[in-house]
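Beneath this line is the structure, given in structure tokens, with notes to follow.
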Amino acid sequence: MAVINDLIDRISDPELRRRINDEVVRLQQQKKFGLVFEEHLPEATPLYDVPIKVKSLVARKDGYFKEFFRVKRIEGNVLFCEREDDSHEQVELQKNEAVAVALFGEPIYPYLKPMDAVKNAPDSDLWHTLIEADNYHALQLLVYLYGGMVDCIYVDPPYNTGAKDWKYNNDYVDSSDSYRHSKWLSMMKKRLVLAKKLLNPQNSVLIVTIDEKEYLRLGCLLEELFPEARIQMVSSVINPAGVSRGGEFARTDEYLYIVMLGDASPQALPLSNDWRGNIKGGYKDKLRWNGLQRSGTAVLRTDRPKMFYPIYLNSSGDKIIEVGSDIPLDVDRKSVSCPKGLIQIWPIFPDGKEGRWRLGRETLIDLIDKHYVKIGKLRGEKTSLTYLAKGEQQKVERGDFPIIGYAADGSIIVDESNYEAKFIPGTQWWISSHDATQQGTKQLNAIIGKRFDFPKSVYAVHDVLHFFVVNKPNALIVDFFAGSGTTLQAVNLLNAEDGGHRRCIMVTNNEVSEFEAKALRKKGYQPGDEEWEKYGIARYVNWPRTVCSIEGHDINGQPLKGNYLGSDIPMQDGFKANAKYFKLGFLDKNSVAAYRQFHELLSLLWMKAGAIGECPTLKGKEIPEFLILTENKMAILTEEWAYAKFMDEMKDRQDIKTVFLVVDSEIGFREMAAPLKWAKTYQLYKDYLENFTINYEK
């Protein structure tokens with residue numbers, strides 16, 4: 001419809017324009033079912049590092065790149081262009097006011113340009129990464145690197161509220177745009193289609209946060225894109241004080257969509273009292289003994305006759321002597337005699353109704369032999385019995401509750417002092433540490449100053465990740481709307497708590513805030529200028545936070561104060577982790593095909609090999625015939641003629657897990673890769689070129 005309306009506006013005859021517009025409005029009012037939205041014209045990403053040439057597609061540096069021009073000729077600093085629409089208007093642009101652009105869905109050939117690094121764990125091969133890029137093209141790259149390998153994706157996308165702080169935080173489309181919901185959905189769909197290709201279909205989770213502006217549409221979109229998944233929505237209070245809205249209830253919460261693929265499911269965890277507060281009866285940090293008499297539903301003798309039988313205690317009531325047989329329904333229990341000197345117990349309710357036991361006779365005898373049955377206070381034939389259900393038995397048997405003795409009735413006595421209950425919470429979270437003001441904004445301000453509004457609480461991200469990666473110490477976690485970098489700090493905290501080796505990949509653009517943009521334009525700066533770029537979210541917010549949180553100091557070099565909540569981990573100790581900062585760039589296809597871009601692709605190959613160890617670099621322009629990079633557990637053959645020498649060096653090198661072979665033919669590649677059975681092998685540059693020549697939209 002957006003395109004149709006644009007075309008209607010170009011009709012010169014006012015009467016014809018009015019009549020066609022009326023018909024379109026009538027069609028729009030017809031009821032439609034399901035999620036219906038526009039597939040809007042492609043978005044574009046600016047290529048500030050790519051020189052403008054004749055035939056380049058360009059846009060003006062200001063704005064959101066909605067108008068595109070094809071360069072026809074260049075004279076000095078003037079670009080003579082033709083508008084890329086039906087008008088074909090001839091337009092002159094100054095070279096310094098234009099930038100080359102790539103439309104989404106067009107073939108692109110990305111590389112990773114190293115920008116910076118922080119190394120606080122010299123003995124660790126764990127490296128996180130930050131990629132400065134529009135996340136659509138970064139996702140295309142990540143699908144090539146890690147398709148089907150990602151364990152968890154966490155994203156906090158734009159909420160489409162029209163706020164002007166950071167474009168990707170909220171202001172994706174103008175709030176007055178009648179197609180704002182449709183454009184937002186189109187933007188999200190493009191990225192979620194690629195995100196799905198990243199996730200491990202056997203066991204992975206996608207977590208998406210959102211508020212009430214788009215949660216209905218997002219839910220429908222997720223159901224459409226992930227029909228095979230189990231999807232839940234959690235409501236999480238992130239601002240207990242509430243954000244006042246005129247004439248409306250104050251907003252205190254937001255929502256988390258949890259999209260679980262394959263075997264993925266939340267794991268039971270030991271949780272703080274905040275998580276227990278609204279649970280009836282709470283969660284006890286003790287061994288649970290269940291009443292042997294059935295309660296709830298199907299509780300009568302007539303419901304399960306086989307579970308109605310007598311139990312005999314000694315006269316002092318501190319030992320089970322015998323378990324009797326079940327009696328038929330037509331037999332009166334009172335007719336069953338009790339041996340002299342014993343106490344006979346039946347499952348009888350206080351009102352005299354005959355109930356039943358929870359367990360069959362043979363099962364009960366087995367539990368008595370294992371000391372898993374306990375006798376309550378002696379009350380004659382009304383004495384109660386309790387037992388350990390299977391889950392509680394497992395806690396004893398795996399040592400959660402060490403046995404330290406036996407009671408007079410033969411039941412076990414356990415040490416409960418070190419046990420903490422584990423459980424999966426409900427879908428309504430009101431957790432004090434998730435307060436975005438106290439544990440988000442204030443914590444971030446203490447690290448880098450007032451540079452970013454409304455970051456997530458690091459504990460809110462930590463907790464939701466923890467449910468899904470607690471048993472995955474080597475999980476690969478991706479956040480492609482990374483913003484201020486909360487996710488990486490949360491992943492580092494998880495690793496510090498349990499010694500994990502989880503790796504985080506963050507993607508964020510380098511948009512500047514609306515405030516900074518106005519100030520910079522007044523000074524004559526434009527996007528792409530160094531003075532402009534240094535205030536972007538990647539360089540001014542995310543990366544400084546990443547460096548400071550890893551090294552344990554604020555932006556001024558002063559040690560961070562306090563411990564992380566719920567732990568004895570001092571913030572000033574930082575994290576034993578390393579991180580590499582890249583900017584996504586674009587290569588010329590012909591140069592790649594001619595093997596002239598090896599230096600540029602080396603960082604990308606390091607990522608594809610698992611980002612193990614410090615990212616390698618080459619000095620000078622010369623390219624060695626092969627590289628065996630022990631620290632990175634990868635090897636690269638750059639000259640086919642050096643294969644024999646390369647293989648001599650690779651003998652018994654099963655520490656090398658990834659091998660790249662530069663070879664022209666597919667047959668030659670298979671023959672060369674065959675002996676390297678222990679490693680993953682890739683054919684350069686064919687593998688790279690074929691991957692990025694495809695159009696992802698199709």
Task: Test ring pair (Phe, Tyr, Trp, His ring centres under 6.0 Å) applied to Y459 - qualifying residues, sequence neighbours left out - done: none

- [ ] Please name all residues satisfying ring pair (Phe, Tyr, Trp, His ring centres under 6.0 Å) with Y564, sequence neighbours left out, ordered by chain then number.
- [x] F575

Distance-only polar pair, side chains of [X] and [Y], donor-acceptor under 3.5 Å:
X	Y	value
N542	T546	yes
Y581	E132	yes
E600	Q597	yes
H128	N578	no
T252	N239	no

TODO: In sequence, state the C-alpha distance, the side-chain angles, and the governing distance for R70 and E82, and then conclude on salt bridge (charged side-chain N to carboxylate O under 4.0 Å, His left out).
DONE: CA-CA 5 Å; R70 187 69 64 180; E82 182 176 283; over 6 Å; no

With rounding to the nearest 0.5 angstrom, report the [atom1] to [atom2] distance, [X] to [Y].
X	Y	atom1	atom2	result
Y111	L602	OH	CG	13.5 Å
L221	W184	CG	CH2	7.5 Å
W429	E254	CH2	CD	11.0 Å
T129	L142	OG1	CG	7.5 Å
L601	L587	CG	CG	5.5 Å
C152	I477	SG	CD1	5.5 Å

Task: Whether Y255 and Y215 hold their rings parallel, tilted or perpendicular, with breakpoints at 30° and 60° - done: tilted

TODO: Look at the aromatic rings of Y688 and Y109 and report parallel, tilted or perpendicular, splitting at 30° and 60°.
DONE: tilted

TODO: Determine, step by step, whether Y257 and I207 satisfy the side-chain contact (heavy atoms from CB on, under 4.5 Å) criterion, reporting the C-alpha distance in whole Å, the side-chain angles of both residues, the deciding distance to 0.1 Å, and the verdict.
DONE: CA-CA 6 Å; Y257 276 107; I207 302 164; over 6 Å; no

- [ ] Please tell me if the side chains of Y535 and S513 come closer than 4.5 Å, counting only heavy atoms from C-beta onward.
- [x] no

TODO: Determine whether more than 12 heavy atoms belonging to other residues, nucleotides or ligands lie under 6.0 Å from atom NZ of K518.
DONE: no

Open item on the list: Counting only heavy atoms from other residues, nucleotides and ligands, does the tally under 6.0 Å from CD of Q232 exceed 12?
Closed with: no

If the condition is side-chain contact (heavy atoms from CB on, under 4.5 Å), which residues does [X] pass it with, not counting sequence neighbours?
X	result
E551	V118, V547, H553
S204	L199, N200, L261
K576	A121
S87	R83, D85, E89

Task: Donor-acceptor contact below 3.5 Å, side chain R251 vs main chain S244 - done: no

Task: Backbone of H88 reached by a side-chain donor or acceptor of Q90 within 3.5 Å - done: yes

TODO: Quick one: closest heavy-atom pair of F68 and L103, and the distance?
DONE: CZ-CD2, 3.8 Å

- [ ] Determine, for Y540 and K534, whether the Lys NZ or Arg CZ falls below 6.0 Å from the six-membered ring centre while staying within 45 degrees of the axis.
- [x] no

Task: From R451, R545, K456, Q489, residue fulfilling side chain to side chain donor-acceptor pair (under 3.5 Å) relative to S484 - done: R545

Open item on the list: Between R191 and D134, does the side-chain contact (heavy atoms from CB on, under 4.5 Å) criterion hold? Intermediate values first, please.
Closed with: CA-CA 11 Å; R191 288 154 178 83; D134 183 283; 3.4 Å; yes

Task: K113/F582 under side-chain contact (heavy atoms from CB on, under 4.5 Å): CA gap, chis, key distance, verdict - done: CA-CA 5 Å; K113 177 182 177 182; F582 295 106; over 6 Å; no

TODO: Quick one: do W606 and K580 satisfy side-chain contact (heavy atoms from CB on, under 4.5 Å)? Show the steps, please.
DONE: CA-CA 11 Å; W606 170 75; K580 188 76 175 176; 4.2 Å; yes

